[in-house]
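So the structure is just underneath, and the comments pick up after that.
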Amino acid sequence: MDGRFLKVYELLRRAHGPRRWWPVTPPGETKPLYTGGPRSDLQRFEVAAGAILTQNTAWTNAARAIENLNRLGAISPGAIGRMDVQSLALAIRSAGYFNQKAKRLKTIAAHFRANRKMTREGLLALDGVGPETADSIMLYGFKAPFFVVDAYTRRLFGRLDLVDPSASYEEIRERFERNLPRRVFVYKEYHALIVEHGKLVCRKAPLCEKCLLKKLCLMYLERKETKQGRIG
DNA sequence: CGCCAGGGCCTCA
DNA sequence: TGAGGCCATGGC
């Protein structure tokens, strides 16, 4: 096991604290909150719907769509099944790609109605559910130990030189899973920490001076040497 | 204004 | 199998 993966986790925890991702709507309310995860079938479905809605989209835009659905009493497999695609698309407009996502919500709602147990394979077979969406649903909705890999993960761990950013999704996921304790809590927090760090620090234009990982970071060390004129 | 956000699918080579 | 186009709103 490569201990650097756990080391980075601990440093990110120190930098950003517990994330408590994924937010879900408490009973009787309309706004998703950081409650530490879903506690009912309805909230598990909400995680799945949110995973679709946030595809390539800022969470605030997806959250607004979820609030709209909540106000319509529509975050359930049955209610989404009964709604026509047009009004569904209208309700989730803020999430972007609303025509695609309305269909995808219909598809996943039907899957929830038809299946008692969720599996990664079953989700991946659905139109509009790729590996990241499937793993997000399995991990955050159903406490299954799949590590979620996204664009932030590739960028950060590519810069750290712990992952080949051009590798396949499955390769990267397995690399994380081989090098971490197989704990749902760790997977959940770690992915959320990577996202937070990607947004605040390891941006496309990175803020290396703020970064607690810089001593471990190939990119930072290379830049430093370049500045000192020892390269090039 | 331009850029980009916690992807996935399709097409074409 | 991989690069590029497409889907779309909202925040900065």
Problem - Parallel, tilted or perpendicular: ring planes of A:F147 versus A:Y190, cut at 30 and 60 degrees - result: perpendicular
Practice task
Using the six-membered ring wherever Trp is involved, compare the ring planes of A:F176 and A:F157 and label them parallel, tilted or perpendicular (cut-offs 30° and 60°).
Solution key: perpendicular
Nearest listed nucleotide, side chain of [X], among [options]:
X	options	answer
A:Y97	B:dC4, C:dA8, B:dG6	C:dA8
A:D127	B:dG8, B:dC9, B:dA5	B:dC9
A:R64	B:dG8, B:dG7, C:dG10	C:dG10

Practice task
Would you indicate what A:G130 reaches in the nucleic acid, counting non-hydrogen atoms under 4.0 angstrom: base, sugar-phosphate, or nothing?
Solution key: sugar-phosphate
Handout entry: Nearest heavy atoms of A:V184 and A:A144, plus distance in Å
Key = CG2-C, 4.2 Å
Would you indicate, yes or no, if [N] has its OP1 or OP2 atom less than 4.0 angstrom from a side-chain nitrogen or oxygen of [X]?
X	N	value
A:T153	B:dG6	no
A:R93	C:dG10	yes
A:N61	B:dA5	no

Handout entry: Carboxylate-amine/guanidinium contact A:R20 A:E189, below 4.0 Å
Key = no
Problem - Test: A:R120 and A:E170 ion pair at under 4.0 Å - result: yes
Practice task
Would you mind telling me which residue lines up with the more 5' stretch of DNA chain B, A:D150 or A:L124, judged by nearest nucleotide?
Solution key: A:D150
Problem - Residue pair A:D127 / A:T107, side-chain donor-acceptor N/O under 3.5 Å - result: no
Using the [atom1] atom as the point on both nucleotides, what is the distance between [M] and [N], in whole Å?
N	M	atom1	result
C:dC6	B:dG6	P	23 Å
C:dG4	B:dC4	P	15 Å
C:dG5	B:dC3	P	15 Å

Problem - A:I92 and its side-chain contact (heavy atoms from CB on, under 4.5 Å) partner, picked from A:I66, A:L69, A:N61, A:N99 - result: A:L69
Handout entry: Side-chain-base donor-acceptor pair under 3.5 Å for A:N56 and B:dG7
Key = yes
Completion exercise
Contacts satisfying side-chain hydrogen bond (donor to acceptor under 3.5 Å, both in side chains) that involve residues 140-150 of chain A (not counting sequence neighbours) are A:D150-A:T153
Fill in the blank from the handout: Encoded 5' to 3' (Watson-Crick or G-U under 3.5 Å; [ ] crossing; | other strand), DNA chain C becomes |||||||.||||
Problem - Nearest-nucleotide comparison on DNA chain C, the residue closer to the 5′ end among A:T57 and A:S166 - result: A:S166
Practice task
Examine A:R173 relative to A:F146 and say whether NZ or CZ is less than 6.0 Å from the centre of the six-membered ring and inside a 45° cone about the ring axis.
Solution key: no
Exercise for the section: Within residues 186-203 of chain A, find the residues that approach DNA chain B with a heavy atom at under 4.0 Å, and present them sorted by residue number. Expected result: A:H191, A:V195, A:K199
